[in-house]
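Shown next, in structure tokens, is the structure this report addresses.
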Amino acid sequence: MSDVDSSVDESSVNHDSAAEHPRPPRREFKARGSFVTRCDNCQLPVLNCLCPYQVKAESHAQVWLLTHPLEHYKPTNTGRLIGDVITTTQVFTWYRTAPDAQLAALLKDPLYAPFVIFPDDQPDYADRVVGIDAVHAAKAQARIPVFIILDGTWRQARRMFRKSAYLDALPVLPLRTERETRYRLRKPASKSHLCTAEVAIELLRQGGDTVAAGVLDDYFEVFNDSYAASRLHHKIDPPTAAMRRLAAKQSTGDSESGHPGAHRGA
């Protein structure tokens, strides 16, 4: 989950209702950094391209991102980093009245044990709250744990949680960690507010997928450092320790595989 509210008008991408009279077209949107030459693959400025450090990893658990429409357009969004590393990651766009048909079907598949990742700070859903032991129990039952992460700002994530009736029957797994955010590209309201990739890293680690968590953690660190340096038009040289670790894995073809056969393609 991202840590700051977007200044973009959410109604401009709200598909819940149609206006009788369409709005006049706006001027082409030019975000800060829109004129930067970016890599077609990783979307980072070519000055600090991420591609040499992309390493795949496998995990018992899967991550499904339920992404607010606005997040798709933010180059600072870290949800895409999860998919770069964990090959079974799936991304679904959130709309309140039109849940993704594929997601709805997957939620009914008994092979998966889905958990909505959300704080347990309100009493009205306390009966749905579980701990990380539920993830280990699902693995013991030969089910695939799934972390459903609400990918948006905290304000958006709370709305997504409250307005998605198709998630109401799922257990709620709050992330409990002492980790403080290292994310440098958006200002957090609190150091305890982790970005989307950091949430996935901690969940994978606590769920027993420590190798995959380590690869994703290194990749997040490289993204974080590279993007921050690119804002200052600075190329990182020599490579950081995380860069060296990932480059070594990629050059040897070591994908740090977790447990082959633990997944089924959706």
Side-chain angles (χ1 to χ4, degrees), residues 1-3 42 50 54-68 71-72 74 76-94 99-100 102-107 109 111-119 130-132 134-136 138-139 143-153 156-157 160-161 164 166-167 170-177 179 181 183 193-221 223-224 255-266:
M1 304 174 189
S2 304
D3 301 305
C42 70
L50 275 184
Q54 288 189 10
V55 176
K56 302 299 182 183
E58 294 185 356
S59 62
H60 276 299
Q62 293 188 14
V63 175
W64 296 352
L65 297 173
L66 190 54
T67 302
H68 192 279
E71 282 296 314
H72 290 303
K74 297 178 182 178
T76 54
N77 174 271
T78 65
R80 59 192 175 90
L81 303 179
I82 305 168
D84 286 347
V85 173
I86 310 297
T87 58
T88 54
T89 301
Q90 299 202 58
V91 181
F92 306 97
T93 299
W94 179 81
D100 186 282
Q102 183 183 5
L103 173 61
L106 288 171
L107 291 176
D109 191 330
L111 178 66
Y112 300 106
F115 302 89
V116 180
I117 311 306
F118 201 73
V130 299
I132 198 67
V135 173
H136 295 285
K139 291 165 63 175
R143 301 180 70 195
I144 299 175
V146 176
F147 302 125
I148 299 178
I149 301 178
L150 307 179
D151 188 20
T153 67
Q156 290 164 350
M160 292 160 70
F161 181 78
S164 303
Y166 51 93
L167 301 179
L170 300 181
V172 175
L173 176 62
L175 175 60
R176 304 191 189 285
T177 178
R179 175 172 178 156
T181 185
Y183 189 47
H193 286 184
L194 306 185
C195 69
T196 301
E198 290 175 306
V199 169
I201 291 164
E202 289 302 299
L203 290 168
L204 290 168
R205 181 174 289 133
Q206 293 180 21
D209 289 307
T210 56
V211 173
V215 174
L216 182 56
D217 203 357
D218 277 345
Y219 189 59
F220 164 72
E221 184 173 327
F223 167 82
N224 202 30
S255 65
E256 295 290 345
S257 174
H259 299 269
H263 318 293
R264 187 186 77 179

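- For E221, the salt bridge (charged side-chain N to carboxylate O under 4.0 Å, His left out) test picks out R182, with sequence neighbours left out.
- In this structure, H68 and W94 have parallel ring planes: the angle between them is below the 30° cut-off, well short of the 60° mark.
- Listed for the K56 side chain is no donor-acceptor partner under 3.5 Å among the backbone atoms of I86.
- By the ring pair (Phe, Tyr, Trp, His ring centres under 6.0 Å) test, F223 is found to be paired with Y227, residues two or more places apart in sequence or in another chain being considered.
- When all heavy atoms of I201 and D217 are compared, the pair lying nearest together is CD1-CA, 3.5 Å.
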Query - Stepwise side chain to side chain contact (heavy atoms under 4.5 Å, CB included) test for L167 and L66 - result: CA-CA 11 Å; L167 301 179; L66 190 54; 3.9 Å; yes
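- Between W64 and Y112, the two ring planes are perpendicular [angle over 60°; tilted spans 30° to 60°].
- Checking side-chain atoms of T78 against main-chain N and O of A197 turns up a donor-acceptor pair under 3.5 Å.
- Side-chain contact between L150 and I117 is absent, with no heavy atoms from C-beta onward closer than 4.5 Å.
- Between Q206 and L175 there is a side-chain heavy-atom pair separated by less than 4.5 Å.
- In this structure, OG1 in T87 is found 5.5 Å from CD in E58, a value given to the nearest 0.5 Å.
- Judged purely by atom type and a 3.5 angstrom limit, D209 uses its side chain to pair as donor or acceptor with the backbone of A61.
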